[in-house]
S.K.: 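The following block contains the structure, expressed as C-alpha cells.
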Amino acid sequence: MLLHTPSSPCLSFKIIKAQSKPDNVLLLSAFKSLVHNQRIDRSISVLRGSSIPSSVTRNAASTEAGASVMSSETAEADVLKALSQIIDPDFGTDIVSCGFVKDLDIDEALGEVSFRLELTTPACPVKDMFEQRANEVVAALPWVKDVKVTMSAQPAKPIYAGELPPGLRRISNIVAVSSCKGGVGKSTVAVNLAYTLAGMGARVGIFDADVYGPSLPTMVSPENRLLEMNPETRTIIPTEYLGVKLVSFGFAGQGRAIMRGPMVSGVINQLLTTSEWGELDYLVIDMPPGTGDIQLTLCQVVPLSAAVIVTTPQKLAFIDVAKGVRMFSKLKVPCVAVVENMCHFDADGKRYYPFGRGSGSQVVQQFGIPHLFDLPIRPTLSASGDSGIPEAVADPQGEVAKTFQDLGVCVVQQCAKIRQQVSTAVTYDRTIRAIRVKVPDSDEEFLLHPATVRRNDRSAQSVDEWTGEQKLQYADIPEDIQPEEIKPMGNYAVTITWPDGFNQIAPYDQLQMMERLVDVPQLTPAQAV
C-alpha cells in the first residue's frame, strides 16, 4: 500500500544553454540552480561535453543522480497530494489514506502517470466519480501530459477472523433480508436486491433459507433447476440465473420439507456451508419467518454483515418485525435499512394507503435504523415474482427498480462502512504500547493496557467454569506483554493472539468495562521497537 508522504520542494532539471563563458562558470551556475531547488526541465548532459576536471565531473554526476532521486520522490508526492483531494463519502477520508491507490508508476520525462484505484467493492456507487476526479486532479499537475487510471476492487474475503466453513471463506459480505413474519414480500425484496447488486457490478449469490416454503424456484428461472454435487469434494454446486448463484431447498428435488426443527437446521447448515459459492461480494440470505431455532442457527453459523428489515404498514407486522430487530441487536448484527412493502397505490391522480401508514417509520424511529424505503402496490411487481423474472431485471428503468437501486446503494455503503469500522475497532499502537478501542457506532475512543486486557480474559482457561474461581493470576502476566495480532471476530468482538500462543476472544462490551489508560506518554522510535 502506498503511504501518503508530505509534499517536498519540487526539484527537477533546468535547461542550461551553452554560452560563451568558461566551463567552470557553467558548472557553478548549475550547482546554484540545484541548491535553490529551481525547476530544471532537461538533464545537464550539455556539461558533460566540456573540459571539466574528472573530480568535478564525478561530483556533478553524483549531484545529478541525487537530483533525479529527489525529483522522482517529489513527483510521487505531487500525485499523492493531488489524489488526497478526493474524499470517500462513506469513510470521510481521502482515497490515499484509505489505501485505494495502488501500482503508482510515473515517467516524469514523458509526463506519464498511471495507477490503479482498488475499491472495497466492484459495486461502489461512486466509482465513476472517483475515476473522473482522479483523472482531473492528476492531469492538473503542470508536468503531467497523460494519465491512465485503472479501476479494480479488493478480492472477496470475509472480515471474520474465526474458522469459517470452506464455502464461506471467499464471501465479503453476507446480508440477511428478514421480516420475522410471512407474506410481507421478504423474498421479493431479497431477490430484487440481489439482482440490483449484480447490475451494479458485484458478484452475488442468493440463499433461500426457507425449507418449509422455498420461494426462489418460483421467482427465478434458471435453466438447470436441480442442484448438483461435486463427486470429488462432496460439495454442492449452485445453479445460476443471469449471473447470480442460487441455492434453495426447492432446487434439491425435494419440493417443500416436512420435518422437525433440528433436522431443518441441519439441512440449512449443509446447504449454506457446503455450497461452492466461490468469490462473492454479496451473499443475500432470504431468511425464513420467525425468531426461532432456525434463525438463531443461521445468525450463529454465518458471520452476517448486516440485515435489511421488511415490513408492511399494519401494526401487526410491526409487532413481529420488532422481535426480529431485537434478535439481530442481541446477536450484534446491524440493521441498515427498513423496506416498507405495499405502502400505497396511485389512482385517479391520488395516492391511497389501503393498509394504513407508519409501521416502517415506527421501526426506524424506535430502533434507530437509518434508512427507510417504500415500495408501492404494483401488479407488475407481483407478476414478476410469479413469472420467474425479477422486476429489477424486467423493468430496470421503472419506479420500483429505482427504489431497489437506492436500496442497493444503501447496502453497499453501509456494508463498506461496517467493514471499515470493524477492521479498525481494536488496534495496537506500538508508539504508546497501548490497545486503541473505538467500538462501531460509537464516537468514543479509549486506550487499554495490554496486560489489563490479557488479565481480564473470561475463558475456561482463565476462569473455572463451575466455581468461578480465577485460575489466571495477576502475576502470571508480565507488565510489558504485547499482543502479536488482533483480528475482528464478527461485529461483536476481536481475537487477540498473545506471545504465549493464547488466542483471547475479547467482546467489545467487555473491553468497554475495563480500566482505561489516561495521559499515555509517546515513546521514541527506539523504545517502540
S.K.: In sequence, state the C-alpha distance, the side-chain angles, and the governing distance for T196 and L407, and then conclude on side-chain contact (heavy atoms from CB on, under 4.5 Å).
M.R.: CA-CA 9 Å; T196 298; L407 175 61; over 6 Å; no
S.K.: Minimum heavy-atom separation for Q397 and A401, please, with both atom names.
M.R.: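 Looks like N-CB, 4.5 Å.
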S.K.: Applying side chain to side chain donor-acceptor pair (under 3.5 Å), name anything that partners N135, two or more places apart in sequence or on another chain.
M.R.: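 By the side chain to side chain donor-acceptor pair (under 3.5 Å) rule, N135 matches no residue at all.
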S.K.: Quick one: do E445 and R436 make a salt bridge, cutoff under 4.0 Å?
M.R.: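 Yes, E445 and R436 are salt-bridged.
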S.K.: Please enumerate all residues that pass side chain to side chain donor-acceptor pair (under 3.5 Å) together with K186, with sequence neighbours excluded.
M.R.: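 K186 satisfies side chain to side chain donor-acceptor pair (under 3.5 Å) with D286 only.
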S.K.: Looking at side-chain heavy atoms only, is the closest gap between F249 and L216 below 4.5 Å?
M.R.: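 SC-SC contact between F249 and L216 ruled out.
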S.K.: Can you see which heavy atom on W277 is nearest to which on G167, and at what distance?
M.R.: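 So the minimum-distance heavy-atom pair works out to CD1-O, 3.5 Å.
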S.K.: Could you tell me whether the side chain of L226 reaches within less than 4.5 Å of the side chain of F251, counting heavy atoms only?
M.R.: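 Not in contact.
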S.K.: Answer whether the closest heavy-atom distance between the side chains of P440 and I418 falls below 4.5 Å.
M.R.: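 Sidechains of I418 and P440: no contact.
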S.K.: Would you kindly say whether S248 and D208 are connected by a side-chain donor-acceptor distance under 3.5 Å?
M.R.: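 Note: S248 and D208 side chains meet the donor-acceptor criterion.
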S.K.: Who pairs with S361 by side chain to side chain contact (heavy atoms under 4.5 Å, CB included), at least two apart in sequence or on another chain?
M.R.: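 Side chain to side chain contact (heavy atoms under 4.5 Å, CB included) list for S361, sorted by chain: Q365, L372.
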S.K.: Looking only at heavy atoms, what is the nearest atom pair of R234 and P231, with distance?
M.R.: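 In terms of heavy atoms, the two residues are closest at CD-O, 3.8 Å.
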S.K.: Yes or no on side-chain contact (heavy atoms from CB on, under 4.5 Å) for Q512 and V439, after CA distance, side-chain angles and deciding distance?
M.R.: CA-CA 8 Å; Q512 289 176 306; V439 176; 3.7 Å; yes
S.K.: I'd like to check L272 versus L283 (side-chain heavy atoms, cut-off strictly below 4.5 Å). Are they in contact?
M.R.: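 Of all side-chain heavy-atom pairs linking L283 with L272, at least one is under 4.5 Å.
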S.K.: Say you draw a straight line from CE of M342 to OH of Y353; how long is it, rounded to the nearest 0.5 Å?
M.R.: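 If I round to the nearest 0.5 Å, the distance is 15.5 Å.
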S.K.: Can you sort out the partners of E223 under side chain to side chain contact (heavy atoms under 4.5 Å, CB included), two or more places apart, ordered by chain and number?
M.R.: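 Side chain to side chain contact (heavy atoms under 4.5 Å, CB included) check on E223 returns nothing, list empty.
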S.K.: Got a sec, which residues hit side chain to side chain donor-acceptor pair (under 3.5 Å) with E276, two or more places apart in sequence or on another chain?
M.R.: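 N230, T233, T235.
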S.K.: Calculate, to the nearest 0.5 Å, the distance between atoms CG and CZ belonging to D281 and R170 respectively.
M.R.: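 Result: 12.0 Å between the selected atoms.
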S.K.: How far apart are the C-alpha atoms of I285 and L304, what are their side-chain angles, what is the distance that settles it, and do they pass the side-chain contact (heavy atoms from CB on, under 4.5 Å) test?
M.R.: CA-CA 9 Å; I285 298 184; L304 294 176; 4.1 Å; yes
S.K.: Would E279 and R203 satisfy salt bridge (Lys or Arg N to Asp or Glu O under 4.0 Å), going step by step from the backbone distance to the final call?
M.R.: CA-CA 7 Å; E279 284 196 7; R203 295 161 294 185; 2.8 Å; yes
S.K.: Pairs under 3.5 angstrom only: tabulate donor-acceptor contacts from the side chains of residues 116-127 to other protein residues two or more places apart or in another chain.
M.R.:
unit_1 : atom_1 : unit_2 : atom_2 : d
R116   : NE     : D103   : OD2    : 2.9
R116   : NH1    : E118   : OE2    : 3.2
R116   : NH1    : S152   : OG     : 3.0
R116   : NH2    : D103   : OD2    : 3.1
T121   : OG1    : A123   : N      : 3.1
T121   : OG1    : Y282   : OH     : 3.2
K127   : NZ     : P122   : O      : 2.7
K127   : NZ     : M200   : O      : 3.2

S.K.: Tell me, please, which residues at least two apart from E485 pass side chain to side chain contact (heavy atoms under 4.5 Å, CB included).
M.R.: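 With neighbours one apart ignored, the set is K487, T497.
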S.K.: Should P222 and L246 count as side-chain neighbours, where that means a heavy-atom distance under 4.5 Å?
M.R.: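 A side-chain contact exists here, since the closest heavy-atom pair is under 4.5 Å.
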S.K.: By the definition side-chain contact (heavy atoms from CB on, under 4.5 Å), identify the one residue from V308, V333, V204, V412 that meets it with V175.
M.R.: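 Filter result, single survivor: V308.
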S.K.: Charged N to carboxylate O below 4.0 Å: is that the case for K350 and D346?
M.R.: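 No, this pair does not count.
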S.K.: Identify the two heavy atoms, one from V247 and one from S275, that lie closest to each other, and give their separation to 0.1 Å.
M.R.: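 It is CG2-OG, 3.7 Å.
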S.K.: Hey, could you give me the CD1/OG distance between I389 and S221, rounded to the nearest 0.5 Å?
M.R.: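 Spacing of CD1 (I389) from OG (S221) equals 6.0 Å.
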S.K.: Could you name each residue pair satisfying salt bridge (Lys or Arg N to Asp or Glu O under 4.0 Å) that touches residues 370-384, not counting sequence neighbours?
M.R.: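 Found R378-E399.
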S.K.: Over all heavy atoms of both residues, which pair between N224 and T239 is shortest? Give the atoms and the distance, please.
M.R.: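 Looks like O-OG1, 2.6 Å.
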S.K.: Side-chain contact test, heavy atoms from C-beta onward, threshold under 4.5 Å: evaluate it for D94 versus I86 and give yes or no.
M.R.: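 Counting from C-beta outward, D94 and I86 never come under 4.5 Å.
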S.K.: Any donor and acceptor pair, going by atom type alone, linking the side chain of Q413 with main-chain N or O of C410 inside 3.5 Å?
M.R.: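 Answer holds: no.
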S.K.: With a 4.5 Å heavy-atom cut-off, do V284 and F207 have their side chains touching?
M.R.: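 No, their side chains stay 4.5 Å or more apart.
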S.K.: How about F115 and K102: do any of their side-chain heavy atoms sit closer than 4.5 Å?
M.R.: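 No - every pair of side-chain heavy atoms lies 4.5 Å or more apart.
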S.K.: In Å, rounded to the nearest 0.5 Å, how long is the span from CG of L104 to OG of S114?
M.R.: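 If we round to the nearest 0.5 Å, L104:CG and S114:OG are 7.5 Å apart.
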S.K.: Which pairs pass salt bridge (Lys or Arg N to Asp or Glu O under 4.0 Å) with one or both residues in residues 381-391, sequence neighbours excluded?
M.R.: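 Sorted result for residues 381-391: empty, none.
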S.K.: Applying side chain to side chain donor-acceptor pair (under 3.5 Å), name anything that partners Q510, two or more places apart in sequence or on another chain.
M.R.: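 Expected list: none.
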S.K.: Which residues pass the side chain to side chain contact (heavy atoms under 4.5 Å, CB included) test with Q295, sequence neighbours left out?
M.R.: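 If we apply the side chain to side chain contact (heavy atoms under 4.5 Å, CB included) test to Q295, skipping adjacent residues, the hits are M287, P288, M327.
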S.K.: Check the side chains of T312 and Q314 for a donor-acceptor pair under 3.5 angstrom, ignoring hydrogens and angles.
M.R.: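 Distance-only check passes for Q314 and T312.
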S.K.: One thing to verify: whether K145 and E112 come together as a salt bridge, which I'm taking to mean a side-chain N less than 4.0 angstrom from a carboxylate O.
M.R.: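 No, this pair does not count.
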S.K.: Check whether any side-chain N or O of S329 sits under 3.5 Å from a backbone N or O of V325 as a donor-acceptor pair, and report yes or no.
M.R.: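 Between the backbone of V325 and the side chain of S329 there is no qualifying donor-acceptor contact (under 3.5 Å).
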S.K.: As an exercise, state the distance from OG1 of T273 to CD1 of I236, rounded to the nearest 0.5 Å.
M.R.: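 CD1 of I236 is found 8.0 Å from OG1 of T273.
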S.K.: Check K417 with D88, please: is the shortest side-chain N to carboxylate O separation under 4.0 Å?
M.R.: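 Between K417 and D88 there is no salt bridge, as every charged N stays at least 4.0 Å from the carboxylate O atoms.
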S.K.: Give the C-alpha distance, both sets of side-chain angles, the deciding distance and a yes or no for side-chain contact (heavy atoms from CB on, under 4.5 Å) between I496 and N503.
M.R.: CA-CA 6 Å; I496 306 175; N503 288 321; over 6 Å; no
S.K.: CG/L381 to CZ/F404 distance, rounded to the nearest 0.5 angstrom?
M.R.: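 The CG atom of L381 sits 6.0 Å away from the CZ atom of F404.
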S.K.: Testing the basics here: between V321 and S179, what is the closest heavy-atom pair and its distance to 0.1 Å?
M.R.: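 In this case the closest contact between V321 and S179 is CG2-O, 3.4 Å.
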S.K.: Do any pairs count as a ring pair (Phe, Tyr, Trp, His ring centres under 6.0 Å) and have a residue in residues 365-386, sequence neighbours left out, and if so which ones?
M.R.: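 Every candidate ring pair (Phe, Tyr, Trp, His ring centres under 6.0 Å) pair involving residues 365-386 fails, so no pair, neighbours aside, qualifies.
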S.K.: Hey, does the side chain of T274 reach the backbone of Q270 with a donor-acceptor pair shorter than 3.5 angstrom?
M.R.: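 Yes; judged by distance alone, with no hydrogens or angles, the pair exists.
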